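Notes follow the structure.
In listed order, ligands and their atoms are each counted from 1. All values derive from a computational prediction rather than experimental measurement.
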Amino acid sequence: MFDSGFGGLTVARATIDLLPAEHLVYIGDTGRYPYGSKPLRDVRGYARQLAWSLVEDYDAKAVVVACNTATAAGLDELRAELPVPVIDVVNPGVKALVHTTETGRVGVIGTVGTIKSGAYVRSIATTGVPVKLTSAACPGFVEFVERGQTTGDEVTVLAERLLAPIRDARVDALLLGCTHYPFLARTISDVMGSGVTLVSSADETAFAIRDRLADARLIREGDEPGRHLFLSSGDIDLFRELGAQLLGPELDHTERWAPTRR
Ligand code: DGL
């Protein structure tokens, strides 16, 4: 599983809870985050390095792209070239979103790269569910999470400004289309009000992982708990400290990951 940094830990948490026997290798590319403001071509290159490293260096039997921006940038290429199943976060999130709404007015927020890519518009179209989608990019949210600042006045002021178009659209369900955003859920929920249900892709992605592994007969059976390894391309001490706060006690073993030329 990989992400630009700490965001994919929301997906890792849900996966460890649902599939405790599976071994997990997580790479947070904190040395090169944020992805959301970079050209999609660059993000696609990073995603290929990370995914191939998981397969070749860590013997991954499946790869989870726990990053919406990397999914938007390179999912098709990864699926075409990797020799293992590839699970994304966009399509599971959309599935949860269209099931949640009652009014049919829905919102999605994500990084500039994700929203500009149109990945959500395309994914919603494939469901065939007639919803009215309002999208907004939220530059700055990821940086708050990477600094460990998930509540407070500064986050609230930014959220009020960025979420205004979504509030004006009177949605009843809002998809957190960036895996970092569940860490800001309290603030986002306060700003949106109690009539709006926040939808995170983490749980739905964990179900998608289970189903995909089961289809490919790759589920690890038995009661022996899985092993977890967390890697970062950035500051390892920060990764261990903040990562353990965000994920929980499983994040106790961290190592350095360095990109290879691919
Ligand atoms: N967590 C990543 C996502 O889901 C993004 C972050 C970034 O901008 O690095 O899009």
Under the salt bridge (charged side-chain N to carboxylate O under 4.0 Å, His left out) criterion, do Arg167 and Glu160 qualify, and how do the steps go?
-> CA-CA 9 Å; Arg167 267 211 309 214; Glu160 277 173 346; 5.4 Å; no

State which residues pass ring-ring contact (aromatic ring centres under 6.0 Å, His included) with Tyr33; sequence neighbours excluded, sorted by chain then number.
-> none

Decide yes or no for Ile209 and Val64: does some side-chain heavy atom of the first lie under 4.5 Å from some side-chain heavy atom of the second?
-> yes

Heavy atoms, side chains only, cut-off 4.5 Å: are Val43 and Cys67 in contact?
-> no

What does the N/O contact table under 3.5 Å look like for ligand 1?
| unit_1 | atom_1 | unit_2 | atom_2 | d |
| --- | --- | --- | --- | --- |
| ligand 1 | 1 (N) | Asp3 | OD1 | 2.9 |
| ligand 1 | 1 (N) | Thr179 | OG1 | 2.9 |
| ligand 1 | 1 (N) | His180 | ND1 | 2.7 |
| ligand 1 | 4 (O) | Asn68 | N | 2.7 |
| ligand 1 | 4 (O) | Asn68 | OD1 | 2.8 |
| ligand 1 | 4 (O) | Thr179 | N | 2.9 |
| ligand 1 | 4 (O) | Thr179 | OG1 | 3.3 |
| ligand 1 | 8 (O) | Tyr35 | N | 3.2 |
| ligand 1 | 8 (O) | Gly36 | N | 2.8 |
| ligand 1 | 9 (O) | Ser4 | OG | 2.6 |
| ligand 1 | 9 (O) | Tyr35 | N | 2.6 |
| ligand 1 | 10 (O) | Asn68 | N | 3.4 |
| ligand 1 | 10 (O) | Thr69 | N | 3.0 |
| ligand 1 | 10 (O) | Thr69 | OG1 | 2.6 |

Where do Arg240 and Asp237 land on the salt bridge (charged side-chain N to carboxylate O under 4.0 Å, His left out) test, with the steps shown first?
-> CA-CA 5 Å; Arg240 187 178 311 112; Asp237 294 330; 3.6 Å; yes

Step by step, would you call Glu77 with Arg48 a salt bridge (charged side-chain N to carboxylate O under 4.0 Å, His left out)?
-> CA-CA 8 Å; Glu77 287 79 358; Arg48 292 186 64 222; over 6 Å; no

